[in-house]
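First listed ligand is number 1; within each ligand, the first listed atom is number 1.
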Amino acid sequence: MQKFKALLVEEVAGKQFQASVTERDLAELPEGDVLIRVQYSSLNYKDALSASGNKAVTRSYPHTPGIDAAGKVVMSTSPDFAEGDEVIVTGYDLGMNTSGGFGQLIRVPGNWVINCPEAMSLKQAMILGTAGFTAALCVEKLLVNGLTPASGSVLVTGATGGVGSVAVALLHKLGFTVVASTGKRSSHPFLEQLGAALIIDRNSLAEVNSRPLLKPQWAGAIDVVGGDTLFNVIKSINYGGSVACCGLVQSPALQGTVLPFILRGVNLLGVDSVELSAQTKADIWNKLAREWKLENLDTIYKEIDFSELEANLGKVLKGEAVGRYLLNLN
Ligand SMILES: NC(=O)c1ccc[n+]([C@@H]2O[C@H](COP(=O)([O-])OP(=O)(O)OC[C@H]3O[C@@H](n4cnc5c(N)ncnc54)[C@H](OP(=O)(O)O)[C@@H]3O)[C@@H](O)[C@H]2O)c1
């Protein structure tokens, strides 16, 4: 297949960006060891930034976003992969400056590619996508740092979003009492059905507060919001508890004091899903396919095609997304 369909974002006059679904040619893809026919991708916050012309994510246009891709190998010069293998590519430079999963073909280095676990379909992998994978990384870090269901409740911010919704479902599956913070009143039933025991209004976490410590409330937290919300969360963690920090939808800034760390022994755990080794990625995907398999995955996503891509990327950018958005490229 020389020609393939893809979303192409172009820079037009006056720093304006325009996206359209167009036919591209195989020759336009970068060099790489593995050519993959993408069957599914998914929508992530970073894709919404790339598709809207954010140059901190994508330096130059025209460009095809999509940090997630799952599909079958068409051609490989890597000894690790053969035609027909079902594979997953997430992170590294995919969809940032390398043509991404919003195209029916990608060509990438072999060390970006991992085998899709046998116990997981390509579709299931992309319902989770980078957001779900990141939620699992956050949970893993909290567990490694000693969090158990007996420690107390765990807060998830941005709970209706991609990372947040999978985090709520996964923590619930693992026996934790989950407190979900959201700005979407209409999505309370969605969060309850994922397993949230308590739902709080995100405004209660967003206020700038000069007190160096707040009432301890949670044994752990997963934060996708950053900014003042993150600092209020850190100030409200129980003695010895941990916060997994992975996002910045409110702000990348972090202001405050060291007091929660030196008086309460709070751990701030950084989480990156992009540059991990392929082996570490494979280990987490295998967990998600087996002991961490989410039985309610079907209730967490909406399937879309190319024609609905732009509108839904707009929703993600405005913080209006609920759950995961699966892009079917078949
Ligand atoms: N570190 C990594 O490797 C990694 C990987 C994946 C994602 N991320 C980051 O994690 C964040 C979330 O990603 P996502 O894919 O889950 O995005 P998403 O689906 O758009 O979800 C973000 C959620 O945050 C809440 N929110 C939005 N704007 C907000 C604001 N101004 N203040 C407070 N809450 C707000 C909303 O949930 P409610 O309405 O429920 O509050 C929204 O649904 C992004 O910053 C993304 O870049 C990082």
Side-chain angles (χ1 to χ4, degrees), residues 41-52 54 56-57 65-68 90-96 126-141 155-170 178-192 194 196 199-208 221-233 243-254 268-276 280-281 284 300-302 312-326:
S41 181
S42 85
L43 275 56
N44 293 278
Y45 188 71
K46 206 188 251 180
D47 299 319
L49 293 176
S50 173
S52 63
N54 186 309
V57 175
I67 63 171
D68 282 341
T90 64
Y92 304 117
D93 193 47
L94 187 72
M96 293 181 69
M126 287 295 103
I127 292 173
L128 292 164
T130 287
F133 174 79
T134 303
L137 280 178
C138 290
V139 170
E140 174 89 347
K141 278 227 166 170
L155 174 73
V156 176
T157 63
T160 65
V163 176
S165 55
V166 178
V168 170
L170 186 52
V178 187
V179 178
S181 163
T182 183
K184 299 185 190 87
R185 222 161 224 298
S186 57
S187 294
H188 287 201
F190 171 68
L191 291 170
E192 281 158 1
L194 292 182
I199 299 170
I200 62 171
D201 187 326
R202 76 182 190 204
N203 288 329
S204 65
L205 297 172
E207 282 168 28
V208 179
I222 293 179
D223 179 65
V224 305
V225 173
D228 291 323
T229 296
L230 173 58
F231 203 58
N232 284 332
V233 170
V243 181
C245 155
C246 71
L248 43 60
V249 288
Q250 182 182 33
S251 166
L254 179 58
L268 180 58
L269 312 172
V271 173
D272 167 55
S273 64
V274 179
E275 294 295 337
L276 296 172
T280 311
K281 287 187 181 180
I284 292 287
I300 229 169
Y301 79 102
K302 184 177 171 218
N312 284 292
L313 284 167
K315 269 197 199 168
V316 173
L317 200 58
K318 286 190 251 158
E320 292 169 2
V322 175
R324 298 281 299 133
Y325 294 80
L326 175 77

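- Residue contact check for ligand 1: Arg202 places a non-hydrogen atom closer than 4.0 Å to it.
- Of the candidates Arg185, Lys184, Glu320, it is Lys184 that places a heavy atom closest to atom 43 (O) of ligand 1.
- Of all atoms in ligand 1, numbered sequentially from 1 with element shown, those under 4.0 Å from a heavy atom of Ala321 are 43 (O).
- Those atoms of ligand 1 with a heavy atom of Thr182 less than 4.0 angstrom away are 38 (P), 39 (O), 40 (O), 41 (O).
- Residue-ligand proximity, Ala159 to ligand 1, at heavy-atom distances under 4.0 Å covers atoms 40 (O).
- The residue from Gly158, Ala244, Cys245 that puts a heavy atom closest to atom 23 (C) of ligand 1 is Gly158.
- Side-chain polar atoms of Thr157 and Asp223 form a donor-acceptor pair below 3.5 angstrom.
- Residue-to-ligand polar distances keep Gly323 apart from ligand 1: every N/O pair is separated by 3.5 Å or more.
- Some N or O of Thr160 is nearer than 3.5 Å to an N or O of ligand 1, by distance alone.
- Of the listed options Val163, Val249, Val156, Val163 places a heavy atom closest to atom 14 (P) of ligand 1.
- Contact annotation: Val225 has at least one heavy atom less than 4.0 Å from an atom of ligand 1.
- Counting heavy atoms under 4.0 Å from ligand 1, residue Leu137 does not touch it at all.
- Close approach to Tyr45 involves these atoms of ligand 1, each under 4.0 Å from a residue heavy atom: 13 (O), 15 (O), 17 (O), 20 (O), 44 (C), 45 (O), 46 (C), 47 (O).
- Nearest residue to atom 5 (C) of ligand 1 from Val316, Thr134, Thr90 is Thr134 (criterion: closest heavy atom).
- Residue Ser273 places at least one N or O, backbone or side chain, under 3.5 Å from an N or O of ligand 1.
- Using a 4.0 Å cut-off to heavy atoms of Cys246, the atoms of ligand 1 that qualify are 1 (N), 2 (C), 4 (C), 8 (N), 9 (C), 10 (O), 48 (C).
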